[in-house]
Amino acid sequence: MARREKSGIVAWLLDRMSDWAVGLLTKPIKSYALHIPNDIAALKRHIRKGDVILVEGNERISECIKYLTQSSWSHSALYVGDEPIRRNPEMKAPLVAQFGEEANFLVVEAIVEAGVVLSPLAKYRDFNIRVCRPFNLSAADLADVMDEAIRSVGDTYDLRNVIDLARYFLPVTLVPPRFRRRALQFGSGEPTRAICSSVIASSFNRVKFPIVPNYEQLPPPAAPKRKLWPIGSKTTGGSQYGTLRMVSPTLITPRDFDLSPYFEIIKFNIIENMRFDYHKILWADAAPPAPVKKGA
């Protein structure tokens with residue numbers, strides 16, 4: 001009995017410490033700057049289900065992730081649009097009550113405070129974002145990706161214990177480059193727990209859609225004997241053959257969707273609307289001087 005009581009006290013203390021750590025790590029930083037205002041109306045017109053939204057976060061943990069991955073992107077979300085409502089009409093009333101018209105423009109994301117949730121796309125209106133689109137993903141496979149992502153809603157964020165969070169309070173500059181990706185892998189590994197990138201990576205992994213697979217080149221004599229993956233162009237003599245191996249979803253980071261050759265970058269703000277003309281930019285140093293009031 002005493003052992004059970006002691007175990008309960010330890011678990012309670014760990015929960016309180018985790019809550020304290022989460023509160024500090026998710027506290028917004030004051031120096032965040034939005035580079036270019038986001039045109040949410042344009043984003044809604046051009047975004048498609050299955051697109052991955054990368055976010056430059058504004059929290060302390062975001063700064064740690066950006067340093068460890070040597071990237072601007074600290075968070076990722078999967079756009080599912082109105083798919084949750086289409087698949088389960090009973091969800092329409094609570095989602096509309098929660099998000100209003102934005103219930104038709106939803107993303108699946110894993111956040112530290114709440115686990116895997118549905119959020120409105122407009123949530124990231126004031127953040128630096130990038131849209132990455134899986135190239136040539138079939139309709140059937142897209143449906144499977146949606147299935148996996150929506151199924152994960154309700155899973156908890158993978159915080160095995162306070163030790164997992166403690167690493168983010170240490171100077172991340174002390175982590176050697178070769179260990180930085182591993183430093184982001186934490187948690188219990190239980191299927192009902194996840195982190196932001198692993199939720200999305202698991203969804204694409206279900207249909208064997210590559211993100212950043214490991215490429216293993218094989219010697220030329222091995223190429224004709226089996227169906228292998230070609231790299232390069234046969235017409236230029238630059239074709240190489242090898243095999244691809246999937247990377248564990250727990251090792252995928254937001255940056256990987258940006259660097260992946262299998263995802264397109266969607267410029268939704270200006271270029272996608274074909275309204276960009278650099279000749280029409282009014283640069284600050286070319287602006288006419290402000291009129292001076294008489295008597296000043």
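What you see below is based on every heavy atom in this structure, not just the backbone, and it leaves out hydrogens, waters and symmetry mates.
- Between the side chain of Asn128 and the backbone N or O of His35 there is at least one donor-acceptor pair closer than 3.5 Å.
- A donor-acceptor contact shorter than 3.5 Å links the side chain of Asn38 to the backbone of Phe127.
- Between the Asp256 side chain and the Thr253 main chain, a donor and an acceptor come within less than 3.5 Å of each other.
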**Request:** May I have the step-by-step check of side-chain contact (heavy atoms from CB on, under 4.5 Å) for Ile150 and Asn88, ending in yes or no?
**Result:** CA-CA 11 Å; Ile150 294 173; Asn88 186 0; over 6 Å; no
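- Within the 3.5 Å criterion, the main-chain N or O of Pro254 finds no donor-acceptor partner in the side chain of Ser76.
- Residues Val247 and Leu244 share a hydrophobic cluster, clusters being chains of Ile/Leu/Val/Met/Phe/Trp/Tyr side chains in contact below 4.5 Å.
- Between the side chain of Ser202 and the backbone N or O of Pro249, no donor-acceptor pair lies under 3.5 Å.
- Taking every heavy atom of both residues into account, Pro134 and Phe263 meet most closely at N-CD2, 3.5 Å.
- Pairs of residues two or more places apart, or lying in two chains, never qualify as salt bridge (Lys or Arg N to Asp or Glu O under 4.0 Å) while including a residue from residues 71-81.
- Evaluation of the salt bridge (Lys or Arg N to Asp or Glu O under 4.0 Å) rule for Glu102 yields Lys44 as partners, not counting sequence neighbours.
- One finds the CG atom of Asp51 at 9.0 Å from the CD atom of Glu264 (value rounded to the nearest 0.5 Å).
- The hydrophobic clustering, which links ILVMFWY residues whose side-chain heavy atoms are closer than 4.5 Å, places Phe209 and Met246 apart.
- Residue Leu118 comes nearest to Val80 through the heavy atom pair CD2-CG2, 4.2 Å, listed as atom of the first residue, atom of the second, then distance.
- Ile111 places a side-chain heavy atom less than 4.5 Å from the side chain of Val117.
- A tilted orientation is assigned to the rings of Tyr124 and His75, their planes being inclined by 30° to 60°.
- How far CZ of Phe105 is from CD1 of Ile40: 11.0 Å, rounded to the nearest 0.5 Å.
- Put simply, OG on Ser198 and CG on Asn205 are 11.0 Å apart, with the number rounded to the nearest 0.5 Å.
- Between the CZ atom in Phe257 and the SG atom in Cys132 there is a gap of 8.0 Å [rounded to 0.5 Å].
- Expressed to the nearest 0.5 Å, how far NE2 of His46 lies from CG of Asp39 amounts to 8.0 Å.
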For residues 90-101, run the donor-acceptor check on the side chains, cut-off 3.5 Å, and write out each pair with its distance to 0.1 Å, sequence neighbours left out.
none

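- The heavy-atom pair separating Ala149 from Val108 by the smallest distance is O-CG1, 3.7 Å.
- Looking at heavy atoms from C-beta onward, Ser74 lies out of side-chain contact with Leu54 at the 4.5 angstrom threshold.
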**Message:** As a quick check of understanding, evaluate side-chain contact (heavy atoms from CB on, under 4.5 Å) for Phe268 and Ile129, giving each step before the final call.
**Reply:** CA-CA 10 Å; Phe268 65 89; Ile129 61 177; 3.8 Å; yes
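- Here the CD1-CZ distance, from Ile53 to Arg130, works out to 13.5 Å after rounding to the nearest 0.5 Å.
- Here the side chains of Val145 and Val207 are in contact, with some heavy-atom distance below 4.5 Å.
- Contact annotation: the side chain of Asp258 approaches that of Trp73 to within less than 4.5 Å [non-hydrogen atoms, C-beta and beyond].
- Closest approach of Leu78 to Gly50, counting heavy atoms only: CD1-O, 3.5 Å.
- Using a 4.5 Å cut-off on side-chain heavy atoms (C-beta onward), Leu43 and Val131 make contact.
- For Tyr262 and Phe204, the ring centers are positioned 6.0 Å apart or more.
- Proximity of Lys49 to Asp82: side-chain heavy atoms (C-beta onward) are separated by under 4.5 Å at one or more points.
- Taking each heavy atom of Ser152 and Val199 in turn, the nearest pair found is OG-CG1, 3.6 Å.
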